[in-house]
Amino acid sequence: MTSAISSPVIAIGAIHYDTIAHASEPIRPETSTPSRLNAKPGGVATNIARALVRLGVGTRLVGAVGEDGAADMLSRQLSQEGLELHVKARKGFATGQYLALHNPAGDLAAACVDDRVLSEAPEDLFDGIVADLAANATDDTIWFLDANLPAAMLVRLTGRALPGRLVANAVSDAKAVRLRGVLDKLDCLMLNRGEAVTLTGLSRDTSSEDLATALSQTGLKSFVLTSAASDVLVLESGKLHRFAPLQTDIVDVTGAGDALTAGTVAALARGYGLTQAVPFGLAAAALTLRSTGALAEELSWDALANF
Ligand SMILES: Nc1ncnc2c1ncn2[C@@H]1O[C@H](COP(=O)(O)OP(=O)(O)OP(=O)(O)O)[C@@H](O)[C@H]1O
Ligand SMILES: O=c1[nH]cc([C@@H]2O[C@H](CO)[C@@H](O)[C@H]2O)c(=O)[nH]1
């Protein structure tokens, strides 16, 4: 069943201030490299929420910021873009920041993240906000969680009887393990190979097929396992499906995984099943690879549908 009107999405997770450097020559680790620097909103939940708005999906974003200039700038920009924000401002913390250094070819040389405002948050930080949102939510709501949330908070949120479906993104190799205690509560997990390795405890050279088999034995109902330029593996209703990524020029890889999640979630919100939804995610990833930063300027539902 597909429909022009989409289900609402409630995204809970990171709100970051991203600084992305594009070096004019290969990054020199021991000295400064001439580069162009761009500052943009970031954080996995924020990237996906912004993309969903562009894709015509009514989206609320729940997260934590500091009491600083970055928080004011982000709140202004994100509200202007059409997001409904439900944000906790935490005294004594800085708004989350991500810093990425890209080589001229677009590959990531290094990245750092300071997200103590969320990773050191008490597990009940969003209880009041989530209770209010849940009271007004319908059964078709998609709750999107990212693994920037502390493990105890993930257990608490997924333990509530939230009306609708639960979709999560594993964020990074370091943070994917936070989802270990909640895998059987999720309707769908979006993750890449490195995250699957840390989540399953298997070795780095394990094939994607073997990672997928191990993931299917964790209690997960469905997942989308990406592997950069290699095939995407999708588990739905006990069956494994395979999709080839779309060919495109690469400006930088920042946000390709987030875009794939956003395109897929937008299609789920429009009533597509998971295997029908993933091609929209692949199109969103390709659009993002050929633009700078986490959100492609030309992202729209029509652009995905006609890619
Ligand atoms: N080198 C590439 N060539 C073609 N497609 C790519 C490439 N890298 C990424 N993609 C597309 O983006 C999707 C997600 O990529 P990847 O598995 O690297 O996710 P990720 O590591 O979560 O991304 P990121 O952290 O950069 O947002 C892939 O499934 C593919 O569709
Ligand atoms: O630990 C994290 N690292 C990176 C991100 C975000 O991912 C994007 C890059 O892939 C970028 O927006 C960054 O803030 C995050 O939310 N948590």
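Since this is a predicted model, take the numbers as computed values, not measurements. Whatever order the structure lists ligands and atoms in, that order sets their numbers, starting from 1.
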Side chain, backbone, both or neither: which part of [X] comes within less than 4.0 Å of ligand 1 when only heavy atoms are counted?
| X | result |
| --- | --- |
| A229 | both |
| S227 | backbone |
| L282 | side chain |
| T248 | neither |
| I250 | side chain |

Test of proximity, [X] against ligand 2: N or O pairs below 3.5 Å:
| X | value |
| --- | --- |
| Y98 | no |
| S172 | no |
| V44 | yes |
| G43 | yes |

Out of A244, A228, S230, indicate the one that has the non-hydrogen atom closest to atom 9 (C) of ligand 1.
->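 The nearest heavy atom belongs to A228.
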Where the closest heavy atom to atom 10 (N) of ligand 1 is concerned, which of V224, L233, L289, V278 has it?
->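 Residue with the shortest heavy-atom distance to the ligand atom: L289.
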Going by distance alone, is a donor N or O of one side chain under 3.5 Å from an acceptor N or O of the other, for [X] and [Y]?
| X | Y | result |
| --- | --- | --- |
| D173 | T198 | no |
| D68 | T95 | yes |
| E236 | S222 | no |

Mind checking the OG1-CG spacing from T288 to L299? Nearest 0.5 Å is all I need.
->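 Those atoms lie 6.0 Å apart.
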Per-atom contacts of ligand 2 with [X], taking only distances under 4.0 Å to non-hydrogen atoms:
| X | answer |
| --- | --- |
| G42 | 12 (O), 14 (O) |
| D18 | 11 (C), 12 (O), 13 (C), 14 (O) |
| N148 | 1 (O), 2 (C), 15 (C), 16 (O), 17 (N) |
| N47 | 8 (C), 11 (C), 12 (O) |
| K175 | 1 (O), 2 (C), 17 (N) |

Per the side chain to side chain contact (heavy atoms under 4.5 Å, CB included) rule, which among R178, M153, K175 passes with S119?
->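 Filter result, single survivor: R178.
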Mode of T46 contact toward ligand 2 - side chain, backbone, both, neither (heavy atoms, under 4.0 Å) =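 Answer for T46: neither.
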Compute the shortest N/O to N/O distance between G255 and ligand 1 and return yes if it is under 3.5 Å, no if not.
->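 In this structure, G255 places an N or O atom under 3.5 Å from an N or O of ligand 1.
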Ligand 1 and A256, any nitrogen or oxygen pair closer than 3.5 angstrom?
->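 A256 vs ligand 1: N/O contact under 3.5 Å present.
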What residue and atom, counting heavy atoms only, is the protein's closest point to atom 20 (P) of ligand 1, and at what distance?
->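 Among all protein heavy atoms, the one nearest atom 20 (P) of ligand 1 is N192 ND2, 3.6 Å.
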Considering only the protein, which heavy-atom contact is closest to atom 23 (O) of ligand 1, and what is its distance?
->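 So the nearest neighbour among protein heavy atoms is G257 N, 3.1 Å.
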Carefully, step by step, assess S300 and D302 under the rule side-chain hydrogen bond (donor to acceptor under 3.5 Å, both in side chains).
-> CA-CA 5 Å; S300 70; D302 284 348; 5.5 Å; no
Carboxylate-amine/guanidinium proximity below 4.0 Å for [X] and [Y]:
| X | Y | answer |
| --- | --- | --- |
| R50 | E81 | yes |
| R290 | D249 | no |
| E120 | R90 | no |

Close-contact set for ligand 1 against V232 heavy atoms, below 4.0 Å |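 In order of number, 29 (O).
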Those atoms of ligand 1 less than 4.0 Å from some heavy atom in D258 |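 Matching atoms, with element in brackets: 27 (O).
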Of all heavy-atom pairs between [X] and [Y], which one has the smallest distance, and what is that distance?
| X | Y | value |
| --- | --- | --- |
| L179 | A168 | CD2-CB, 4.3 Å |
| D258 | N47 | OD2-ND2, 2.7 Å |
| F223 | L274 | O-CD2, 4.2 Å |

R270 to W301 six-membered ring, cation-pi geometry met (6.0 Å, 45°) =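 Yes, cation above the ring, under 6.0 Å and within 45°.
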